[in-house]
Amino acid sequence: MSTTTAAVTHPTYGNWRRPRRAGLGRFGLVGTIGVFGGLVLTLLASLISLVAAAFVLVPFAVLLLPLLIRTQDGRNLYQLVMLRVGWLRRKSRGSLSYVSGPLSQRPGGRFRPPGLLSRVSLAEGRDAYDRPFGVLHHRGRNLYSIVLGCEPDGGSLVDPDQADVWVASWGEWLARLSHEPALRGASVVVETAPDPGTRLANEVLPRIRPDAPPAARAVMEEVVERYPDASSEMHTYITLTYGLPQGRKRDLEEVLTDLAIRIPGLLSGLVGAGGGSAVPLSAERIAEVVRVAYDPAVAGEVLNVRAQYGSSGLEWEDAGPAACVESVRAYQHDSGVSRTWLLSLAPRGTVRSNVLRGLLEAAPGTRRKRVALLYRPIDPATSARIVESDRRAAQFMATSGKGMVQARAASETRAAEQTAAEEAAGAGLVEFSLMVTMTVDSTEQLPDAAVIMRNLQAGARISMRPADRMQAAAFACTLPAGILPWEHVLIPHELQEAL
């Protein structure tokens with residue numbers, strides 16, 4: 001008699017690849033052009049004299065050497081210097097602090113959001129089901145953003161097969177973004193915070209009858225008093241940012257009509273990917289989310305007012321902080337101090353679908369935590385070009401080295417071949433990044449937050465670095481307000497890739 005046991009297989013995920021830079025080694029495309037240009041000029045100068053050749057060669061060597069010095073995440077010495085120069089310029093102009101309100105020098109006397117959100121305005125439209133949805137207009141870049149709120153079903157008490165179906169559906173939804181007309185980027189923000197206690201109190205206390213037994217009343221009141229200490233709230237926001245076709249001008253009404261038509265299709269895809277109940281956020285809800293992020297102490301008050309009156313009446317012009325100060329390692333705003341980390345390396349090897357569970361759950365000892373996944377869809381024509389270029393580069397490296405280098409290059413070749421096959425079968429190509437913002441009550445708690453963050457990223461098998469000298473901008477990027485980092489840089493994205 002023999003027994004056979006079926007092997008239990010769990011799908012794994014991975015093969016996140018950063019396209020290989022064109023050019024020689026660490027030089028990149030710009031550096032490679034500089035190397036060959038310098039060699040040609042040096043050879044021409046050597047026809048005159050060796051001294052003239054040295055005068056030509058030395059400046060080129062000095063200019064190209066910083067391109068060889070790179071950090072673990074690929075930034076060269078020029079980019080590090082530019083970051084510090086930008087910080088010193090903002091410090092000399094006094095733009096590291098911000099004060100608003102009736103007693104400030106700002107016109108209007110209101111609490112407008114600062115920094116990257118200072119030129120953003122908020123309008124509201126109605127979708128096909130007559131639900132209100134807010135539209136953030138980024139006037140500097142002429143971009144429009146909508147925010148969708150989700151209530152994911154969660155992974156507890158769910159069969160692994162169902163979780164795998166959700167992951168596959170989420171992948172299909174991301175692939176659809178590559179075909180979404182004029183879409184410039186998307187972000188998924190998961191915000192967690194300790195429950196302020198007002199939600200449970202508003203649900204339970206009004207339901208206690210006046211003639212209830214004293215013992216039963218005491219039990220319910222004790223539950224309302226103690227349970228919020230162990231509970232937390234979680235919100236998921238998906239922001240989609242659209243641009244306008246080049247050479248075309250549209251007024252706000254046309255944009256609202258266009259976005260209203262798209263929202264039902266986007267929501268249906270989210271529901272199929274485990275997004276649960278998904279609805280568009282109204283202008284008032286967007287203002288509330290931003291207001292609470294800058295001043296976490298008012299979270300309970302906002303929730304209480306909305307529960308009692310059905311509306312908080314908050315407007316975008318009053319969603320910002322009264323005062324905030326940016327330092328090298330932190331961003332202090334009203335009742336909180338925040339620090340943001342940026343993804344430097346994606347997980348190496350394969351992972352399972354629950355790899356980010358610990359990172360997304362509420363972190364004890366913090367006031368609020370936001371995990372933002374930023375997606376930059378690439379159109380199908382550009383995807384095919386990138387994949388083929390990466391495949392050719394991997395094949396060249398596999399045939400040009402020896403020993404361990406060749407073995408590693410052969411592994412990259414297999415990964416590039418798999419990516420090319422999946423892209424040819426219809427898969428989309430998406431660039432992604434991840435940012436995490438932790439908010440605590442005081443600067444003394446920031447070291448503890450850094451320890452928590454280090455433990456969380458180890459569990460998620462990712463590598464992150466603090467967004468030092470750009471904490472204010474990174475804080476704004478983790479808000480569901482449609483801020484796309486690659487749309488707010490001085491050097492174009494294509495030129496940065498060539499560097």
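Side chains are part of it too, since the values below use all heavy atoms of this structure and drop only hydrogens, waters and symmetry mates. These numbers come from a predicted model, not from an experiment.
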In terms of heavy-atom contacts, does [atom1] of [X] have more than 12 from other residues, nucleotides or ligands at under 6.0 Å?
X	atom1	result
R329	CZ	no
E301	CD	no
Y129	OH	no

Does anything in residues 270-284 pair up under side chain to side chain donor-acceptor pair (under 3.5 Å), and if so which pairs, sequence neighbours excluded?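 For residues 270-284, and leaving out neighbouring residues, the side chain to side chain donor-acceptor pair (under 3.5 Å) pairs sorted by first residue read E284-S311.
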Can you list every side chain to side chain donor-acceptor pair (under 3.5 Å) pair that touches residues 92-116, not counting sequence neighbours?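 Matches after skipping sequence neighbours: R110-E315, R110-D318, R112-E317.
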What I want to find out is whether [X] reaches [Y] closely enough, with some N-O distance under 4.0 Å, to be called a salt bridge.
X	Y	value
R285	E288	yes
E233	R368	yes
D164	R352	no
E191	K369	no

Under the salt bridge (Lys or Arg N to Asp or Glu O under 4.0 Å) rule, what pairs show up with a residue in residues 454-467, not counting sequence neighbours?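 Sorted pair list: D73-R465.
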Scan residues 480-490 for pairs that pass salt bridge (Lys or Arg N to Asp or Glu O under 4.0 Å), counting only residues two or more places apart or in two chains.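 Sorted pair list: R184-E487.
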For [X], enumerate each residue passing the side chain to side chain contact (heavy atoms under 4.5 Å, CB included) test, keeping only those at least two apart in sequence or located in another chain.
X	value
T350	T12
I69	L77
A297	D295, S335, R367
V355	V351

Using side-chain contact (heavy atoms from CB on, under 4.5 Å), reason through I238 and V147 one step at a time and then give a plain yes or no. CA-CA 6 Å; I238 297 176; V147 185; over 6 Å; no
Kindly give the heavy-atom pair with the smallest separation between [X] and [Y], and that separation in Å.
X	Y	value
C477	P485	SG-CG, 3.8 Å
V289	P480	CG1-CG, 3.6 Å
L374	S187	CD2-CB, 3.5 Å
S383	L429	OG-CB, 3.3 Å
R131	V279	NH1-CG1, 4.1 Å
A363	I452	CB-CG2, 4.0 Å

For T437, what residues pass the side-chain hydrogen bond (donor to acceptor under 3.5 Å, both in side chains) criterion, not counting sequence neighbours?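 T437: side-chain hydrogen bond (donor to acceptor under 3.5 Å, both in side chains) contacts with T340, T478.
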Sequence neighbours excluded, which residues qualify as side-chain hydrogen bond (donor to acceptor under 3.5 Å, both in side chains) partners of D211?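 Testing D211 for side-chain hydrogen bond (donor to acceptor under 3.5 Å, both in side chains), a comparison that skips the adjacent residues, returns R209.
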Examine distances only and state if a side-chain atom of [X] and a backbone atom of [Y] form a donor-acceptor pair shorter than 3.5 Å.
X	Y	result
D127	D130	yes
E361	G358	no
S327	A330	yes
D334	A322	yes
H333	Y294	yes

To the nearest 0.5 Å, what is the distance between [atom1] on [X] and [atom2] on [Y]?
X	Y	atom1	atom2	result
L484	T241	CG	OG1	4.0 Å
I378	L177	CD1	CG	12.5 Å
T366	D441	OG1	CG	9.5 Å
I286	L136	CD1	CG	5.0 Å
L373	L343	CG	CG	9.0 Å
R89	K91	CZ	NZ	15.5 Å

How about [X] and [Y]: do any of their side-chain heavy atoms sit closer than 4.5 Å?
X	Y	value
I483	H138	yes
M464	L434	yes
W486	S433	no
Y242	L259	yes
L345	W16	no
W341	M435	no
I146	T239	no
E326	R90	yes

R339 pairs by side-chain contact (heavy atoms from CB on, under 4.5 Å) with which of D468, T439, T443?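 One option only clears the test, and that one is D468.
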Verdict with reasoning, T236 to V189, per side-chain contact (heavy atoms from CB on, under 4.5 Å): CA-CA 6 Å; T236 303; V189 178; over 6 Å; no
Would you call the rings of W170 and W173 parallel, tilted or perpendicular, taking 30° and 60° as the class edges?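 It falls in the parallel class, under 30°.
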Criterion side chain to side chain donor-acceptor pair (under 3.5 Å) on D379 and H179, from CA distance to verdict: CA-CA 7 Å; D379 61 88; H179 302 275; over 6 Å; no
Geometric cation-pi criterion R370 and F475, 6.0 Å radius, 45° cone: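 R370 over F475 ring: yes.
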Enumerate, atom names and distances included, each donor-acceptor pair closer than 3.5 Å involving a side-chain atom of residues 117-125, sequence neighbours excluded.
| unit_1 | atom_1 | unit_2 | atom_2 | d |
| --- | --- | --- | --- | --- |
| S118 | OG | G115 | O | 2.7 |
| E124 | OE2 | A283 | N | 3.0 |

Residues forming a salt bridge (charged side-chain N to carboxylate O under 4.0 Å, His left out) with R262, sequence neighbours excluded: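 Scan of R262 (salt bridge (charged side-chain N to carboxylate O under 4.0 Å, His left out), adjacent residues dropped) gives E180, D258.
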